[in-house]
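Heavy-atom basis, side chains included; hydrogens, waters and symmetry copies ignored. Atoms within a ligand are numbered from 1 in the order they appear, just like the ligands themselves.
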Amino acid sequence: MYPTQYLYISGQFLGGEGRKTQDIYNPATDEKIGTLPHARPADLDAALEAAQAAFESWRWSSPMDRSAVLRRVGALIRERCDAIATALTLDQGKPLREARAEVLSCAEHAEWHAEECRRIYGRVIPARRDNVHQTVVRQPVGVCAAFTPWNFPLSQAIRKTSAALGAGCTMILKGPEDSPSAVLALAQIFHDAGLPPGCLNIVWGVPSEVSEHLIRSPIVRKISFTGSVPVGKQLAAMAGRYMKRMTMELGGHSPVLVFDDADIDRAATQLALYKSRNAGQVCVAPSRFYVQEKACDRFVKKFAEVYSNQQIGEGLAAGTTMGPLAHGRRVESMGQFVADALARGGKVVCGGEKLPRAGHFFPPTVVTGLPDDSLLMTEEPFGPVAPIVSFSTREEGVRRANNLPFGLASYVFTESLSNATYASDRIEAGMVNVNHFGIALAETPFGGVKDSGLGHEGGQETFDGYLVTKFISSMSSPY
Ligand code: NAD
């Protein structure tokens with residue numbers, strides 16, 4: 001059921017012959033399900049050369065042709081949804097229903113980029129003389145190197161590939177070695193959709209070795225990374241050393257402000273369900289809960305009731321609403337968050353310990369009574385642990401929401417327009433949701449501020465990171 005994995009370089013699918021391989025595991029059972037070939041330095045050089053050669057023609061291709069490829073990609077993603085989703089559940093763990101939703105959202109991303117890439121406009125600046133013409137054009141930046149993580153393997157890859165290819169760039173993408181199948185399925189789809197060889201190349205390996213090799217190469221003009229803040233900073237420093245452009249979609253620690261005038265039961269229910277998505281391994285997952293004093297006990301009770309009522313199991317099993325964590329590192333990390341919380345006087349309301357079964361299962365966990373400087377309140381848990389504390393005034397709530405160096409997503413629940421406007425204007429975050437969850441759609445910009453990153457994916461901003469601005473001033477003979 002699990003597809004064979006390859007490298008994809010210059011339009012060729014390359015297997016493990018003569019290369020190191022890495023085992024792939026099902027996080028729900030810890031059983032080996034496949035192997036992944038690692039790129040040798042010569043493979044990385046071949047990918048660089050292929051991307052460079054392809055750029056020379058792809059950059060001049062008509063936006064109509066690029067749009068047609070992306071449209072076919074969207075259609076093929078829809079057609080192959082079930083197979084891609086099944087493999088994604090096998091190597092990443094999320095419930096099949098969530099895997100399908102991820103795959104279908106990727107079709108929308110391909111389609112959105114197919115439409116928008118025909119609207120990459122420049123401008124004309126009125127000149128000081130009648131025989132001078134001043135234009136501003138936007139051109140593709142060149143060969144891009146992208147690094148995508150394991151939590152949404154297809155979604156993170158389609159955002160980068162469709163933006164780069166739609167803009168006329170070419171790309172070498174290193175996907176997540178823990179959960180590779182969706183990225184390779186995407187390469188097959190681009191291949192079948194008629195993307196010329198070399199425009200997209202997929203490599204695997206030891207992340208730090210691959211990224212260093214690619215970022216140092218003078219062929220690569222742009223870096224795009226989604227992952228943790230520390231790794232993002234390392235890659236940004238390296239990109240800075242070689243003066244390369246970058247887009248950084250990094251972690252956050254999303255604050256939630258629940259005011260006492262909100263519909264508390266609805267807020268608690270919706271937030272508990274949203275937090276359980278992908279077992280909490282979502283960079284925009286609500287992760288620090290501040291509830292106004294009067295409503296706090298009621299919120300905790302309802303939230304814990306809904307959150308602990310998840311059907312935990314293998315993602316392919318019918319009825320599963322929360323799968324395993326994607327790998328053992330996350331389970332270990334959940335244990336550390338809870339241990340620190342207990343040592344700091346926190347109270348575990350539900351969950352709290354790894355489940356005694358095969359696979360990387362950790363139950364939905366709620367912790368209350370924590371100080372703001374505890375590990376859970378200062379570092380993104382990236383898993384199914386929810387700290388809930390109370391606040392008094394809205395000024396205090398917003399100040400505490402802003403007290404970390406991160407700024408990705410944020411959430412506000414209130415029936416008061418005044419509270420909603422006050423909080424959404426002042427929260428330091430790239431995205432604010434009021435009374436619902438409305439982010440990460442293809443047509444809306446996704447990105448962070450502060451340590452959470454640079455640049456956007458999606459929305460009309462989507463191509464900005466893949467284009468350079470050129471000013472052309474031309475003079476004809478006097479009229
Ligand atoms: P990690 O920091 O080791 O890796 C995060 C991602 O970056 C992985 O996909 C990894 O392959 C990649 N990576 C690591 N070192 C790299 C390097 N030198 N060059 C290129 N890529 C590199 O952590 P992890 O254990 O895989 O995940 C844990 C943390 O990562 C989480 O706590 C979370 O904060 C963060 N994370 C964030 C996102 C996101 O969407 N922003 C996604 C996955 C993980």
Side-chain angles (χ1 to χ4, degrees), residues 22 24 27 36 38-39 44 91-94 102 144-160 172-180 182-183 202-216 220 223-239 246-254 277-285 287-288 325-337 360 362 375-376 378-385 404-409 430-431 439-440 446-448 450-458:
Q22 173 176 342
I24 307 164
L36 186 69
H38 277 200
L44 298 178
D91 66 16
Q92 200 275 344
K94 67 182 62 174
E102 177 179 344
C144 307
F147 308 95
T148 57
W150 45 263
N151 57 340
F152 288 93
L154 191 64
S155 173
Q156 311 279 18
I158 191 77
R159 285 160 176 268
K160 297 190 192 306
I172 303 164
L173 186 147
K174 189 201 80 60
E177 287 76 14
D178 291 319
S179 317
V183 170
I202 306 293
V203 297
W204 313 103
V206 175
S208 57
E209 292 173 10
V210 176
S211 56
E212 180 152 359
H213 192 109
L214 296 180
I215 295 172
R216 286 163 67 108
V220 168
I223 318 300
S224 183
F225 172 74
T226 299
S228 63
V229 173
V231 175
K233 286 186 174 177
Q234 272 174 35
L235 298 190
M238 210 188 303
M246 61 183 105
T247 299
M248 292 282 156
E249 294 289 357
L250 308 181
H253 196 347
S254 310
R277 200 169 61 111
N278 203 11
Q281 302 164 115
V282 183
C283 54
V284 294
S287 51
R288 289 181 283 151
L325 300 189
H327 44 66
R329 304 193 291 284
R330 299 277 6 106
V331 178
E332 231 174 85
S333 182
M334 292 310 105
Q336 287 160 3
F337 277 111
H360 308 306
F362 201 91
L375 196 59
L376 249 180
T378 52
E379 276 184 31
E380 174 185 40
F382 220 70
V385 181
L404 294 185
F406 314 111
L408 192 58
M431 295 165 282
I439 56 177
F446 185 100
K450 295 161 83 177
D451 279 8
S452 294
L454 299 168
H456 288 92
E457 293 178 339

Could you please spell out the steps behind the salt bridge (Lys or Arg N to Asp or Glu O under 4.0 Å) verdict for D178 and R330? CA-CA 12 Å; D178 291 319; R330 299 277 6 106; over 6 Å; no
Report all N/O contacts between ligand 1 and the protein shorter than 3.5 Å as a table of atom names and distances to 0.1 Å; if there are none, say 'none'.
unit_1   : atom_1 : unit_2 : atom_2 : d
ligand 1 : 2 (O)  : S228   : OG     : 2.7
ligand 1 : 19 (N) : P207   : O      : 3.4
ligand 1 : 19 (N) : S211   : OG     : 2.8
ligand 1 : 25 (O) : R329   : NE     : 2.9
ligand 1 : 26 (O) : W150   : NE1    : 2.9
ligand 1 : 26 (O) : R329   : NH2    : 3.0
ligand 1 : 34 (O) : E380   : OE1    : 2.6
ligand 1 : 40 (O) : N151   : ND2    : 3.4
ligand 1 : 40 (O) : Q156   : NE2    : 3.4
ligand 1 : 41 (N) : G227   : O      : 3.3

Could you list the residues that satisfy salt bridge (charged side-chain N to carboxylate O under 4.0 Å, His left out) with E177, not counting sequence neighbours? K174
Pair listing, salt bridge (Lys or Arg N to Asp or Glu O under 4.0 Å) test, anchored in residues 226-237, at least two apart: K233-D451
So, the side chain of H253 versus the backbone of E379: is there a donor-acceptor pair under 3.5 Å, distance only? yes
Tell me, please, which residues at least two apart from E102 pass salt bridge (charged side-chain N to carboxylate O under 4.0 Å, His left out). K94
For the residue pair W150 and F382, is the inter-centroid distance of their aromatic rings smaller than 6.0 Å? yes
